[in-house]
Participant: 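My questions all concern the structure below.
Numbering of ligands and ligand atoms starts at 1, following listing order.
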Amino acid sequence: MKGIVFTEFLELVEDKFGLAVVDKIIQQSNLPSQGAYTAIGTYDFSEMLGLLKHLSEHTKLSIDDLLLTYAEHFFSVLASSYPDLINKYNDPIEMLSSIENHIHVEVRKIYPDAELPTFEIQEKTATKLVMIYKSSRAMYSFGLGLMRKTFEHFDATAKITLEKLTSDGTEVKFSIVKTNE
Ligand code: HEM
């Protein structure tokens with residue numbers, strides 16, 4: 001997992017819960033990196049799981065809720081770091097249906113070792129998108145947060161529902177229906 005995902009995560013934890021909590025979850029997680037992340041480095045995904053687990057225990061918030069909130073923050077990081085990737089779109093359904101064949105393809109050019117999910121489109125109309133998320137990392141709540149922010153970015157609203165196809169969340173069906181204009 002790319003370092004930027006860790007550095008932004010720890011920054012948000014510091015903002016919301018304070019530096020003492022950052023130190024505490026780093027200590028508790030016994031990290032090979034010892035929590036010294038650089039944005040362009042690459043670190044084991046298990047370090048993120050450790051940090052999330054201990055933050056969840058400390059805050060009593062579920063890992064899904066933490067990932068959802070984190071994704072909403074991460075969207076603004078992506079939007080300011082890669083404006084050209086997002087500005088190419090003027091519609092949230094168009095953008096979300098292009099993650100697999102455009103956005104993450106470009107991400108892989110920038111970070112060849114990025115660990116990205118796959119999205120398989122099952123149904124697409126002007127107002128509806130059904131796609132299957134697949135990833136061994138099971139970060140579907142992170143995907144949900146990014147999807148919500150995508151609609152907000154275009155001043156649009158949507159009803160997004162998800163259905164786990166595997167109990168561990170490595171395959172999840174997203175149904176996204178645009179609700180207004
Ligand atoms: C992960 C870039 C938009 C879904 C990532 C990562 C990067 C990235 C750098 C981390 C990879 C790693 O740590 O190795 C971008 C950029 C975007 C964008 C630049 C737009 C400009 C989106 C959107 C979604 C999405 C709109 C909505 C579904 C995900 C998910 C992951 C991820 C779920 C977590 C990894 C996993 O589940 O396996 N993306 N992304 N991305 N991205 Fe994107």
Side-chain angles (χ1 to χ4, degrees), residues 1-12 31 33 37-52 63-122 124 128-156 158-166 168-178:
M1 171 158 273
K2 294 310 298 175
I4 188 169
V5 184
F6 288 91
T7 53
E8 290 296 334
F9 177 72
L10 292 179
E11 237 170 78
L12 185 67
L31 306 165
S33 73
Y37 302 109
T38 66
I40 54 160
T42 303
Y43 305 89
D44 207 286
F45 175 64
S46 61
E47 295 204 8
M48 181 53 75
L49 284 182
L51 291 166
L52 282 166
I63 289 182
D64 278 343
D65 279 348
L66 292 169
L67 276 175
L68 189 67
T69 303
Y70 177 39
E72 296 188 347
H73 166 76
F74 198 64
F75 184 89
S76 24
V77 176
L78 294 175
S80 54
S81 307
Y82 307 101
D84 298 345
L85 277 183
I86 290 177
N87 292 341
K88 219 180 146 277
Y89 301 96
N90 47 34
D91 175 86
I93 301 256
E94 284 306 319
M95 178 167 149
L96 292 177
S97 63
S98 305
I99 301 168
E100 180 71 16
N101 293 328
H102 170 241
I103 296 180
H104 278 173
V105 173
E106 293 303 314
V107 171
R108 192 165 293 294
K109 291 182 193 165
I110 307 167
Y111 305 118
D113 56 355
E115 296 177 303
L116 299 163
T118 62
F119 286 99
E120 183 190 304
I121 297 174
Q122 284 210 323
K124 184 188 169 211
K128 184 173 183 194
L129 180 65
V130 179
M131 54 184 190
I132 313 283
Y133 162 92
K134 286 187 193 169
S135 167
S136 60
R137 289 161 293 284
M139 288 177 72
Y140 55 87
S141 295
F142 188 75
L144 177 62
L146 290 173
M147 289 177 192
R148 287 188 179 163
K149 278 286 163 183
T150 301
F151 276 87
E152 232 178 273
H153 178 80
F154 293 103
D155 282 324
K159 185 169 183 322
I160 305 175
T161 49
L162 55 84
E163 180 197 339
K164 279 190 192 176
L165 302 180
T166 53
D168 60 1
T170 51
E171 291 189 29
V172 175
K173 179 175 172 178
F174 282 93
S175 301
I176 305 159
V177 180
K178 213 171 169 181

Participant: Give the atoms of ligand 1, by number and element, whose distance to some non-hydrogen atom of Val5 is under 4.0 Å.
Facilitator: 10 (C), 13 (O)
Participant: Hey, does Ser135 come in under 3.5 Å of ligand 1, counting only N/O atoms on both sides?
Facilitator: yes
Participant: With a 4.0 Å heavy-atom cut-off (strictly under), which part of Tyr140 contacts ligand 1: side chain, backbone, both or neither?
Facilitator: neither
Participant: Atom 13 (O) of ligand 1: which of Lys134, Lys2, Met95 has the nearest heavy atom?
Facilitator: Lys2
Participant: Among all the protein's non-hydrogen atoms, which is closest to atom 2 (C) of ligand 1, and how far away is it?
Facilitator: Val107 CG2, 3.4 Å
Participant: Heavy-atom pairs closer than 4.0 Å: do any link ligand 1 to the side chain of Met1, the backbone, both, or neither?
Facilitator: both
Participant: Considering both backbone and side-chain atoms of His104, is one of its nitrogen or oxygen atoms within less than 3.5 Å of a nitrogen or oxygen in ligand 1?
Facilitator: yes
Participant: In sequence, state the C-alpha distance, the side-chain angles, and the governing distance for Phe74 and Phe142, and then conclude on ring-ring contact (aromatic ring centres under 6.0 Å, His included).
Facilitator: CA-CA 9 Å; Phe74 198 64; Phe142 188 75; 5.6 Å; yes
Participant: Output the list of atoms in ligand 1 that are nearer than 4.0 Å to some heavy atom of Tyr133, sorted by atom number.
Facilitator: 33 (C), 36 (C), 37 (O), 38 (O)
Participant: What atoms of ligand 1 come within less than 4.0 Å of a heavy atom belonging to Leu78?
Facilitator: 2 (C), 15 (C), 16 (C), 17 (C), 18 (C), 19 (C), 40 (N)
Participant: Could you list the atoms of ligand 1 found under 4.0 angstrom from a heavy atom of Ile99?
Facilitator: 23 (C), 24 (C), 26 (C), 27 (C), 28 (C)
Participant: Nearest protein heavy-atom contact for atom 34 (C) of ligand 1: which residue, which atom, what distance?
Facilitator: Phe142 CD2, 3.8 Å
Participant: What part of Leu96, side chain from CB on, backbone N/CA/C/O, both or neither, has a heavy atom under 4.0 Å from ligand 1?
Facilitator: side chain
Participant: side-chain contact (heavy atoms from CB on, under 4.5 Å) with Pro117: which of Met139, Glu100, His104?
Facilitator: His104
Participant: Nearest to atom 4 (C) of ligand 1, what protein heavy atom do you find, and at what distance?
Facilitator: Leu146 CD1, 3.5 Å
Participant: Hey, which atoms in ligand 1 end up nearer than 4.0 Å to a heavy atom of Leu116?
Facilitator: 1 (C), 5 (C), 6 (C), 11 (C), 38 (O), 39 (N)
Participant: So is Phe75 in contact with ligand 1, going by heavy-atom distances below 4.0 Å?
Facilitator: no
Participant: Atom 14 (O) of ligand 1: which protein heavy atom is closest, and how many Å away?
Facilitator: Glu115 N, 2.6 Å
Participant: Of Val77, Ile110, Val107, which meets side-chain contact (heavy atoms from CB on, under 4.5 Å) against Tyr82?
Facilitator: Ile110
Participant: Regarding ligand 1, does Tyr111 bring an N or O atom to under 3.5 Å of one of the ligand's N or O atoms?
Facilitator: no
Participant: Are Val172 and Ile132 close enough, and set up right, to give a side chain to side chain contact (heavy atoms under 4.5 Å, CB included), and what steps lead you there?
Facilitator: CA-CA 6 Å; Val172 175; Ile132 313 283; over 6 Å; no
Participant: Is the shortest distance from a Lys or Arg side-chain nitrogen in Lys134 or Glu120 to a carboxylate oxygen in the other one below 4.0 Å?
Facilitator: yes
Participant: Give the single entry among Pro92, Pro117, Ser98 that approaches atom 30 (C) of ligand 1 most closely by any heavy atom.
Facilitator: Pro117
Participant: May I ask you to say whether Lys124 pairs ionically with Glu94, meaning some side-chain N is under 4.0 Å from a carboxylate O?
Facilitator: yes
Participant: Using the side chain to side chain contact (heavy atoms under 4.5 Å, CB included) rule, take Leu146 and Leu78 through it: C-alpha gap first, then chi angles, then the decisive distance, then the call.
Facilitator: CA-CA 10 Å; Leu146 290 173; Leu78 294 175; 4.2 Å; yes
Participant: Under a 4.0 angstrom heavy-atom cut-off, which atoms of ligand 1 come close to Met139?
Facilitator: 33 (C), 34 (C), 37 (O)
Participant: Given the rule in the side chain to side chain contact (heavy atoms under 4.5 Å, CB included) test, do Phe174 and Val130 qualify, once you have shown the distances and angles that lead to the verdict?
Facilitator: CA-CA 6 Å; Phe174 282 93; Val130 179; over 6 Å; no
Participant: Looking only at distances, can you tell me whether any N or O atom of Thr150, backbone or side chain, sits closer than 3.5 Å to an N or O atom of ligand 1?
Facilitator: no
Participant: Considering only protein heavy atoms, which is closest to atom 17 (C) of ligand 1, and at what distance to one decimal place?
Facilitator: Ile103 CG2, 3.4 Å
Participant: Atoms of ligand 1 less than 4.0 Å from Met147 heavy atoms?
Facilitator: 28 (C)
Participant: Identify whether the distance between the nearest side-chain nitrogen and carboxylate oxygen of Arg108 and Asp113 falls below 4.0 Å.
Facilitator: no
Participant: What atoms in ligand 1 come closer than 4.0 Å to a heavy atom of Ile86?
Facilitator: 21 (C)
Participant: Of the non-hydrogen atoms in Leu12 and Thr69, which two are nearest, and what is the gap between them?
Facilitator: CD2-O, 4.2 Å
Participant: Go through the steps for His73 and Lys149 under the test side chain to side chain contact (heavy atoms under 4.5 Å, CB included), then give the verdict.
Facilitator: CA-CA 9 Å; His73 166 76; Lys149 278 286 163 183; over 6 Å; no
Participant: Any side-chain heavy-atom pair from Lys178 and Asp91 closer than 4.5 angstrom?
Facilitator: yes
Participant: State whether the side chain of Tyr140 and the backbone N or O of Lys173 hold a donor-acceptor pair below 3.5 Å, judged by distance alone.
Facilitator: no
Participant: Heavy atoms only: give me the nearest Ile4-Thr7 pair and the separation to one decimal.
Facilitator: O-OG1, 3.2 Å
